[in-house]
Amino acid sequence: MDAHDGGAARAVAALGRFCVRRRFAVIGAWVLLVAALVLGARAVGTPTDNDVSLPGTDSQLVRDLTATPEAPLTTGTVILVAEDAQTLSGVLAATAASLRGVAHVTTVRPPSAPEGSLSADGRTGWFTVGVDVRRAELTKPVARAVTDAARSAAGGVRVLPGGAFAQVIDGSGSTGDEYFGLVLAALVLFPALGGVTGAVLALLSAALAVVATLQVVGLAGNLTSMPAQASTLALMIGLGVGIDYSLFLLNRFRALTRSGLVAPEAIERAARDSGTAVAVAGVTVAVALAGLSLTGVPLLQTLAWTCGIAVLCAVLAALTLLPALTALAGGRIARGGTLHNRLTRRAGSGGFWARQADRVTRRPWLAGGFAVVLLALLSAPAFDLRLGQLDAGSSPEVTAVRQADDAISAAFGPGTGTPLTVLGRVTTPITGSADPRVAELVAAVRAQPGVAAVGPPKPSGDGRVVTVQAVPSTSGGDPATAGLVHRLRTEPVPGMTVHVGGAVAARVDLAERVSDTLPLVIGVVVLLSVVVLLLAFRAPLLALKAAVMDVISIGAAYGVLTAVFTWGWGVTWIGLSGPIPIPSFVPLMLFALLFGLSMDYEVFLLSDVRRRWHQTGDNLRSVREGLLGTGRVITAAAAIMVGVFLAFVPNNDPTIKMFGVGLAVAIAVDATVVRCLLVPATMAMLGELTWWTPGRGARGRGARTPVS
């Protein structure tokens, strides 16, 4: 942006000037802040909790009515699979004794046929093990110690962790694969920023912002329920936007130094131009994520604000830490390396982007039509987007939760690991299990198609409710199980009001909540983003066009997501054994993330075009020069972000795989097809109408000055 942008640009420029003059204080403050956060996180801990609450839903009501005073322990399972019943029975006593000797273990319940934890053939059973550690603080060493103790005592028998132990052992945090994204980022930054110095500064700024983000998110786990995916998503988003924002600022700084400005002045101008664009882009991402608060789903709200923290830290680092670091090494960045200078000369003297800019602006209808056809092909599969429920069977075969689920499903049936809790509420207290109303409830549940087994009824102490465990004949991810939940909820039982809870019922309620609020969230996100762009550019058609372009990019991401995960195209290449359902919250979360992230490139391109428009008054020339000036850096930034997102695809969590694929595809499409073809073609076709402002017209601009 330029001087015509008013207070925001002046404030960002003043911040950049301050950081240059107080460079050592700013760098020291960042180092001290990150160090304090790391030490605090190590001292207090960073607990995670995948427990999902859904206020106002049927499943949450069951959970609240069956809640007991919190016990100081977590329960998990240890599964034993033997060749025959005799072998299994021969190791049960020794295994139980070994488990009781493990630190933190408080209770051990061996397999039992009456309790349903011993298979009919006697070859498979599970121990229920309680530990004196809260679920949010259960660690891998504790879970592995329990499993190892069972293995040492049950020689010749296959031992698998299950339940909470398997979930903790698998985790969903850093796997090390994200370092591939950092390597790719370094390879892209090296030629883009003129050598090692620029690349190191960009990576250092982004890295400190990410470390700060992860510590804040981890510490927040002590105050609220923090899903394990939150830190992974924050890491993914933080790395992507942090490196991109640094690239945008450093690229502008280099351009200004090549025009003759000294380093301090170039840093201030870069902060005013690209820094203001970064601030607007960050605000747009935050606004898009804030729209998820309208869902009323704590899981989505938590994921939204943790990703928002990542973006905020990235913006703060780009506007404060990076100018300070650049002031220390400005001369070395400004000079650049031989490769970078050669690429710059080629780009400025008729290179690819010059030819591309000419092609798009000379034949905008052809370029726009080609882009529309390509985007339509990519988006077409989205019409077959089918939402469903993930369960342990959706995880990769190498994970502990998948192996445990396979063993239990083979021995007990596919629905054993995901039982439904059917609760009956009465107005007059139940006299006991022999109460006719209890018998009616059990009979009604047992008569439902899709119910494999029904556990014994358990009346509450006050006789106001009675619960029955119903084991489905289908897995938790099967649509038939969701259908069973709906049938049980509508089954009439004389004298009772029936409610259904459990993990599957909670996911059904989550899907319905997301579906109900989806139109509202999308509408609010789009509207607020248009308002932000309108305030930034003061051009209604430009703001509306930007929102439409973002929606188009998201449609392409949905199409690829459907082709991969629903149709199974290449799904084995990313570590899954076959097609899996797409959870209902993934498309909504992706919409908010992508709508915000796509605006990064939109704002960066439009800021450059608008600056040239104010200086020349020639729309076609401004579009052409804007595309020429930003095409290379936008492509480099997109390559970095795509690499970062793809680096998370090997993660064992299927949800993280979906986010990685969806985000990578959308950014790749957005930075190439949309930003470099469709956007400039549309602006060329609209002409001066692009900059129309009510009451001022298209030419309500300031004095023209030479383009720098």
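What you are looking at is a predicted structure, and each value in this text was computed from that prediction instead of being measured. Residue indices begin at 1 and follow the sequence shown.
The CD1 atom of Ile634 sits 10.0 Å away from atom CG of Leu247, with the distance rounded to the nearest 0.5 Å. Leu292 CG to Leu303 CG: the interatomic distance, rounded to the nearest 0.5 Å, is 8.5 Å. Once rounded to the nearest 0.5 Å, the distance linking CG of Asn251 with OG of Ser246 reads 12.0 Å. Rounding to the nearest 0.5 Å places CG of Leu204 at 9.5 Å from CG of Leu322. The CG atom of Leu239 sits 11.0 Å away from the CG atom of Asp244 when rounded to the nearest 0.5 Å. Annotation: the span from Arg252 atom CZ to Asp273 atom CG amounts to 4.5 Å, rounded to 0.5 Å.
Taking both residues in full, the closest heavy atoms of Ala186 and Ala199 are given as O-CB, 4.5 Å, listed atom of the first, atom of the second, then distance. Nearest heavy atoms, Val530 versus Ala547: CG2-CB, 3.6 Å. Minimum heavy-atom separation, Ala314 to Val241: CB-CG2, 3.6 Å. What you find for Gly275 and Leu249 is that their closest heavy atoms are N-CD2, 3.4 Å. Nearest heavy atoms, Met226 versus Thr302: SD-CG2, 3.8 Å. Considering every non-hydrogen atom in both Leu605 and Gly626, the closest pair reads CD1-O, 3.9 Å.
Using a 4.5 Å heavy-atom threshold, the side chains of Phe604 and Val609 count as separate. Contact annotation: the side chain of Ile237 approaches that of Leu663 to within less than 4.5 Å [non-hydrogen atoms, C-beta and beyond]. Side-chain contact between Leu235 and Leu214 is present, with heavy atoms from C-beta onward closer than 4.5 Å. Under the 4.5 Å side-chain criterion, counting only non-hydrogen atoms from C-beta, Leu375 is in contact with Leu678. Side chains of Leu289 and Trp305 form no contact here, defined as non-hydrogen atoms less than 4.5 Å apart. Using a 4.5 Å heavy-atom threshold, the side chains of Pro581 and Leu387 count as separate. Residues Cys307 and Met589 form a side-chain contact, since some pair of their non-hydrogen atoms from C-beta on lies under 4.5 Å apart. Contact of the Val514 side chain with the Leu300 side chain is registered, since non-hydrogen atoms from C-beta on lie closer than 4.5 Å.
Under a 3.5 Å cut-off, the side chain of Thr672 and the backbone N or O of Ala668 do form a donor-acceptor pair. Remark: the backbone N or O of Ala202 is not paired with any side-chain donor or acceptor of Ser205 at under 3.5 angstrom. Asn222 places a side-chain N or O within donor-acceptor distance of the main-chain N or O of Leu219, the cut-off being under 3.5 Å. Of the possible polar contacts, one joining the Arg402 side chain to the Ser395 backbone as a donor-acceptor pair under 3.5 Å is found. A donor-acceptor pair is defined here as one N or O able to donate and one able to accept, closer than 3.5 Å; such a pair exists between the side chain of Gln301 and the backbone of Ser293. The closest donor-acceptor contact from the side chain of Thr224 to the backbone of Ala220 lies at 3.5 Å or more, if one exists at all. At distances below 3.5 Å, at least one donor-acceptor pair connects side-chain atoms of Arg507 with backbone N or O atoms of Leu390. With hydrogens and angles ignored, the 3.5 Å screen pairs a side-chain donor or acceptor of Lys657 with a backbone N or O of Asn651. In this structure, Asp170 contributes its side chain and Ala400 its backbone to a donor-acceptor pair below 3.5 Å. Proximity of a side-chain donor or acceptor of Tyr558 to a complementary backbone N or O of Pro587 within less than 3.5 Å is detected.
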Start with the C-alpha distance between Ile574 and Phe565, add both sets of side-chain angles, then the distance that settles side chain to side chain contact (heavy atoms under 4.5 Å, CB included), and finish with yes or no.
-> CA-CA 10 Å; Ile574 60 175; Phe565 293 98; 3.7 Å; yes

For Leu294 and Thr517, what are the C-alpha separation, side-chain angles and deciding distance, and is it a side chain to side chain contact (heavy atoms under 4.5 Å, CB included)?
-> CA-CA 7 Å; Leu294 299 174; Thr517 58; 5.9 Å; no

Show the numbers, then the answer: is there a side chain to side chain contact (heavy atoms under 4.5 Å, CB included) between Ile580 and Met658?
-> CA-CA 10 Å; Ile580 61 174; Met658 292 178 188; 3.5 Å; yes

Carefully, step by step, assess Thr630 and Phe248 under the rule side chain to side chain contact (heavy atoms under 4.5 Å, CB included).
-> CA-CA 9 Å; Thr630 62; Phe248 292 157; over 6 Å; no

Could you pull out all donor-acceptor pairs under 3.5 Å where a side-chain atom in residues 21-36 meets a protein atom, sequence neighbours excluded?
from	atom 1	to	atom 2	distance (Å)
Arg23	NE	Val20	O	2.8
Arg23	NH2	Val20	O	3.1
Trp30	NE1	Thr320	OG1	3.0

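Ring pair Phe659/Phe585 is tilted by interplanar angle, where 30° to 60° counts as tilted.
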